[in-house]
Undergrad: 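The structure is given below, and queries will be raised subsequently.
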Number of protein chains: 2
Amino acid sequence: MGRVSDARQRLMDAVLKLIWTGSYGSTTIDSICDQAGVRKGSFYYFFKSKADVAVTALESDWQGRRAQLDELFSATVPPLERIRQFCEFAYRKQTALKRECGCVLGCPLYTLGSEICTQEQTLRAKIQEILGYYRKYVESAIRDAHAEHSIDAPDAAEKARMIQAYYEGLLTQARIQNDAEVLRELPRGIFAMLGLGQAEQLAA
Amino acid sequence: MGRVSDARQRLMDAVLKLIWTGSYGSTTIDSICDQAGVRKGSFYYFFKSKADVAVTALESDWQGRRAQLDELFSATVPPLERIRQFCEFAYRKQTALKRECGCVLGCPLYTLGSEICTQEQTLRAKIQEILGYYRKYVESAIRDAHAEHSIDAPDAAEKARMIQAYYEGLLTQARIQNDAEVLRELPRGIFAMLGLGQAEQLAA
DNA sequence: TATATTGTTGACTAATTAGTCTAGTATTGT
DNA sequence: ACAATACTAGACTAATTAGTCAACAATATA
């Protein structure tokens, strides 16, 4: 019973957009309200702080992406192909962003995590949690690739950490340079880390 | 002639420290002044804004590090050994930071660049410039390694970009997790990207 | 339809922030 | 010594910010 509204969702969308296109520090509660078309009183009706809305929005956003990632990393897809498609997906996404809003924005989790990690512990914990989920997809793909002898990678967890670091580093590079073309080398770099040379990459 | 003071330098030290231990957004001009023990009037005597002091400080800090990097990447050191020492250096530095101030702080250029790149163009340009210098050291080491047939890397520039992305990504990971041990895998990851397997890495 | 409940509004306070300005102090070269 | 210069102090304004509150509006359900 009672009134219904999507203001809560609009505030969550707004905070993620502002953080991503700008930064956590440059995102004020007033700017979140403006972006969402919601008054401040309503903001504090739903959330108790900027950190609160950010954590909630990250979690909600992550839940909304799971299905897509489950599909991308489906066990029915050959393991190395999963990774290739993921690279392709990242490239397309950043290219689209550049076209639509003029900026390559990189990975919001990494950008935000790096900005606030010494100051906002609950946010940091949520970001680490979600980054961990992403890593799991890669780790399992590597394990499968190793099992079918496409690569030699007995320690899938370590390889997954390496690949994530490279992936996130390159996305950040793309953001700083505002250039999505940087991401073209993503599959080559990843497959090099997996011990596949140029020739083997072409064969795959 | 006239009065002399090191307030300008203290302000530059302060802004870098605050940005590194916190973030650009959380660093206010008042906090810079407090940290430096300088009044606001003096701040505006030397600098015209936060972005101004940050750019100046980055440039000055970079100049102060050149000699050290020239030594680390000296042509008299075997090329792959240069890279190994650089990894070692990064690990030591972050470990020391963790011990001294409780936090793994990662790379200030990447953290800051990622935070402000959509908002502060002069800062972004300076950061990109300095990141480019770092990349040159790696690129030249790779070229030398290729020349002496330690590795097969005809495109040294691309390999250097890959390595930098991985390096910076891993440092950011270490910052977010507040754990320097993450950096232990740095040499392994880099040498994997250079096409050296486990066995060849041990041999080198 | 009554009403409990959910959500909205905007004015309000208090704190923080960037940036200015004037009057001053210390020091160096002459 | 004495000026010209380099730097400092700190009070001030105006804008922005986070956060509160009480009165109000819409609606689902009994």
Undergrad: In residues 16-32 of chain A, what residues come within less than 4.0 Å of DNA chain D, judged by heavy atoms?
TA: A/Thr28, A/Ile29, A/Asp30

Undergrad: Nearest whole angstrom, please: distance from the C1' of D/dG10 to the CG of B/Asp34.
TA: 14 Å

Undergrad: May I ask you to evaluate whether A/Ser5 reaches the phosphate of C/dT8, defined as a side-chain N or O under 4.0 Å from OP1 or OP2?
TA: yes

Undergrad: Checking ring-ring contact (aromatic ring centres under 6.0 Å, His included) against B/Phe73, which of B/Phe86, B/Phe89, B/Tyr134 comes through?
TA: B/Phe86

Undergrad: Under the side-chain hydrogen bond (donor to acceptor under 3.5 Å, both in side chains) rule, collect the residues that match up with B/Tyr167, sequence neighbours excluded.
TA: none

Undergrad: For A/Arg161, enumerate each residue passing the salt bridge (charged side-chain N to carboxylate O under 4.0 Å, His left out) test, keeping only those at least two apart in sequence or located in another chain.
TA: B/Glu185

Undergrad: Who pairs with A/Ala147 by side-chain contact (heavy atoms from CB on, under 4.5 Å), at least two apart in sequence or on another chain?
TA: none

Undergrad: Which letter, B, S or -, goes with each nucleotide of nucleotides 25-30 of chain D from 5' to 3', with contact meaning a protein heavy atom under 4.0 Å?
TA: BBBS--

Undergrad: Mind checking what makes side-chain contact (heavy atoms from CB on, under 4.5 Å) contact with B/Ala36, not counting sequence neighbours?
TA: B/Arg10, B/Leu11, B/Ala14, B/Val38

Undergrad: Going by side-chain hydrogen bond (donor to acceptor under 3.5 Å, both in side chains), name the residues that satisfy it together with B/Asp155, two or more places apart in sequence or in a different chain.
TA: none

Undergrad: In residues 35-48 of chain B, which residues come under 4.0 Å of DNA chain D by heavy atom?
TA: B/Arg39, B/Gly41, B/Ser42, B/Tyr45, B/Phe46

Undergrad: Checking B/Asp30 now: which residues fulfil salt bridge (charged side-chain N to carboxylate O under 4.0 Å, His left out) with it, not counting sequence neighbours?
TA: B/Lys40

Undergrad: Which residues pass the salt bridge (charged side-chain N to carboxylate O under 4.0 Å, His left out) test with B/Glu148, not counting sequence neighbours?
TA: none

Undergrad: Hey, which sits more toward the 5' end of DNA chain D by its nearest nucleotide, A/Lys50 or B/Ala7?
TA: B/Ala7

Undergrad: Going by side-chain hydrogen bond (donor to acceptor under 3.5 Å, both in side chains), name the residues that satisfy it together with B/Gln94, two or more places apart in sequence or in a different chain.
TA: none

Undergrad: Taking ring pair (Phe, Tyr, Trp, His ring centres under 6.0 Å) as the test, write out the residues that go with B/Tyr133, two or more places apart.
TA: B/Trp62

